[in-house]
2 protein chains.
Amino acid sequence: MINTTLKKLSEVSGLSISTISRALKNHPDISEKTKLLVTELASTLDYEPNINAVHLRTKNSRLFGVIVPSISNFFYDSVIASLEEEGRKNNYSLMILQSGDDPEIEAANIKLCRQNRVNGLFACITPETKDIEPFLKLKEVDVSVIFFDRVPERSDCHKVCVADIDSASMAANLIVEKQKKKVLALFGNSNFLITKKRFNAFTEIMNQHSIAYITAYSSSEIHAEELTNECLTLKPDTIFCMTDEILTGVMRAIQKKQLKIPDDIAVIAISNGFIPTLYYPQITYIETSGKKLGKLAFQSMMATLSGSTFIQDRTIESILVKGGSI
Amino acid sequence: MINTTLKKLSEVSGLSISTISRALKNHPDISEKTKLLVTELASTLDYEPNINAVHLRTKNSRLFGVIVPSISNFFYDSVIASLEEEGRKNNYSLMILQSGDDPEIEAANIKLCRQNRVNGLFACITPETKDIEPFLKLKEVDVSVIFFDRVPERSDCHKVCVADIDSASMAANLIVEKQKKKVLALFGNSNFLITKKRFNAFTEIMNQHSIAYITAYSSSEIHAEELTNECLTLKPDTIFCMTDEILTGVMRAIQKKQLKIPDDIAVIAISNGFIPTLYYPQITYIETSGKKLGKLAFQSMMATLSGSTFIQDRTIESILVKGGSI
DNA sequence: AACATTATCGCAAACGTTTGCAGTTGATAA
DNA sequence: TTATCAACTGCAAACGTTTGCGATAATGTT
């Protein structure tokens, strides 16, 4: 059997298609009697509007695209959840796309957004994205792009990020406060602007207080674990982890070596908040909330959609969540 | 500016809309010269077909809906990733919907699937879903439904599940093998068929070998932690965790009490594979692979889509992954 | 030269909606 | 009776595609 359409409702009821259409959307031209008749008929026949036809006709998809590296990620998970929640409130749907950090898939995703005539796009770019022209070209067809988390360096686009400098400073200052002497600091992908900023902020404070430190970059759990194993020979008293992935790798190494936290070694991380709570004592971390980011990104989107030409460049401030790891 | 359409390409090139359309899809009626001209024009004007119009006209969305409780979940994450991978290969898109285990949102999601004219639906029902008629009604409009993981009890629908009885038996048998004497067994939501089956399989083996056991149900980390704290006073030598959520709760309690694994207490879990690797020693677990489930579910979908009337009822077999926790 | 064949291409309808405008009622007022 | 008005409802075009069919021009065949 085929789907119920306005035409079918029209045939069954004897009313015209336009009357049916108007009755279903509570148009004042239609009498209450007719409305009741039509809505009842529609529900018994399980009528659902064909959204393709609606969007084609109205030229409004009420759809946002969102491109993330992967949905299997504590941080992007919560960003998506938050975007969806806001979207639901405002009657927008989400088309979730994963880039896998592959620029080619990213390009294909942008194409999908165009084909689907999204009203807006939330984008988190890959480490290898050199050319953001395809994103900016979307503006020509009236779709606004909000970059989030991993954003291009140029200033003529909307951005929403978690605190870069502040979060690293907070971690560094806590290390200072706890009078630590030798720090192993592990940072994420060095291609990202956020990594550079955090690196600079962190090391600056270390330098100011003449705290010895070793730094390294790592983008995977396994690599972080290996790095930790190597560097533990240098006897650091503290390890700083810029991401959840790094933290899990570091913790594997620490646990394997049976080191006691925080006595043998202290740990502090920047995290979305789940992983640190799995250990005992729980890991002290600087929270970078995906939920807050999603909410703010949505606000920016709504602002540009309602005509604001102002370039949005916002930051989520971090908070310190104390565990017992330092 | 507005999007480029076939009409616009037609006006610019002087060719008819139909010729443009056929040229772009490499129709044999069109000469190579014309094709080249059209494709070049299309790419300079950034033409992307309006997918709404295409779907409306062709009556084929090449879209699958997938309803999960939440995408922030190790298991459903990997199911989705797998479905997407298969979908990409077969040129299908995914509409990802979260129910939040709320039957009302689930109903709204089904409605969305109808509106979007999905070709098929992968559904994981909520614990409170009593009436699956809305799902089955989709068959009337030619969309096939594959239930996965949490499935209805009735037999007239397609299902793909992880091993229920086997995975519990494997865990139980390992406990027997290790000559454990007193087991705390924590199971998930008691509404689910899979929980009942695992419960029965597990307890049967315990009974056969006269092993003492305490059982309880838990659906959250916090509750699992509380339960563990209470039951630890009974001095079990082993804890069995049916889900990752339970495992994290149990581990919190164990770590807080500073118990040594596996000497003070042994732990064994049924898991998707990530959480058990975070601890040291790593937790021994029965793997229930979301990736495999996704792949199999997709196969079932393709089978029914290509006309098979055979009721698919498949199971992913489990494998034992040894850690050092028992 | 007359005809058949092939290679190209265009016309127009259809998919299911929405919506400006015009048409049809019935009642009321003059 | 006729004009006026309000309350309803329908007509038809448009959104951007796809596709069966028919038209035209070019080529080959006898």
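Chain A is the first sequence line, chain B the second, and so forth, proteins listed ahead of strands; every chain is numbered from 1.
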Practice problem: I would like to know whether A:D149 and A:Y76 meet side-chain hydrogen bond (donor to acceptor under 3.5 Å, both in side chains); could you show each step before the answer? | Solution: CA-CA 9 Å; A:D149 191 44; A:Y76 298 118; 2.6 Å; yes

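Between the CG atom of B:L56 and the C1' atom of C:dC15 there is a distance of 4 Å, rounded to whole Å. One can place CD1 of B:I17 at 15 Å from P of D:dT19, the figure rounded to the nearest angstrom. The nearest whole Å value for the distance from the CD atom in B:Q115 to the P atom in C:dC15 is 21 Å. Summarising the geometry, the separation between CG on A:L6 and C1' on D:dG10 is reported as 14 Å, rounded to the nearest angstrom. Atom-to-atom, NZ of A:K8 to P of C:dT17 comes out at 12 Å; the value is rounded to the nearest Å. The distance between atom NZ of A:K7 and atom P of D:dC11, rounded to the nearest whole Å, is 13 Å. Following rounding to the nearest Å, B:N116 (CG) and C:dC15 (P) show an atom-to-atom distance of 20 Å. Here the P atom of nucleotide D:dT9 and the CG atom of A:L37 are 10 Å apart, to the nearest Å.
Here B:L15 lies in heavy-atom contact (under 4.0 Å) with sugar-phosphate atoms only.
At a cut-off of 3.5 Å, with distance as the only test, a side-chain donor of A:T129 or A:E106 sits close to an acceptor on the other residue. A side-chain N or O of A:S16 and one of A:T19 form a donor-acceptor pair less than 3.5 Å apart.
Set against D:dT17, D:dG10, C:dG16, the side chain of A:S16 has D:dG10 as its closest nucleotide. Checked against C:dT17, D:dC15, C:dC9, the side chain of A:V54 finds its nearest nucleotide in C:dT17.
Here A:T34 does not reach the OP1 or OP2 of D:dC8: none of its side-chain N or O atoms lies under 4.0 Å away.
Close placement of the A:F135 and A:F147 rings is indicated, their centers lying within 6.0 Å of each other.
A:K35 has a carboxylate O that lies under 4.0 Å from a charged side-chain N of A:E32, or vice versa, which qualifies the two as a salt bridge.
A donor-acceptor contact under 3.5 angstrom links the side-chain atoms of A:S18 to the base of D:dC11.
Along DNA chain D, the nucleotide closest to B:T19 and the one closest to A:K59 are compared, and the more 5′ of them pairs with A:K59.
Remark: A:R22, A:D29, A:I30, A:S31 in residues 20-33 of chain A come within less than 4.0 Å of DNA chain D through at least one heavy atom.
Between the side chain of B:H27 and the backbone N or O of B:R22 there is no donor-acceptor pair closer than 3.5 Å.
Between A:T126 atom OG1 and A:D101 atom CG the span is 6.0 Å, to the nearest 0.5 Å.
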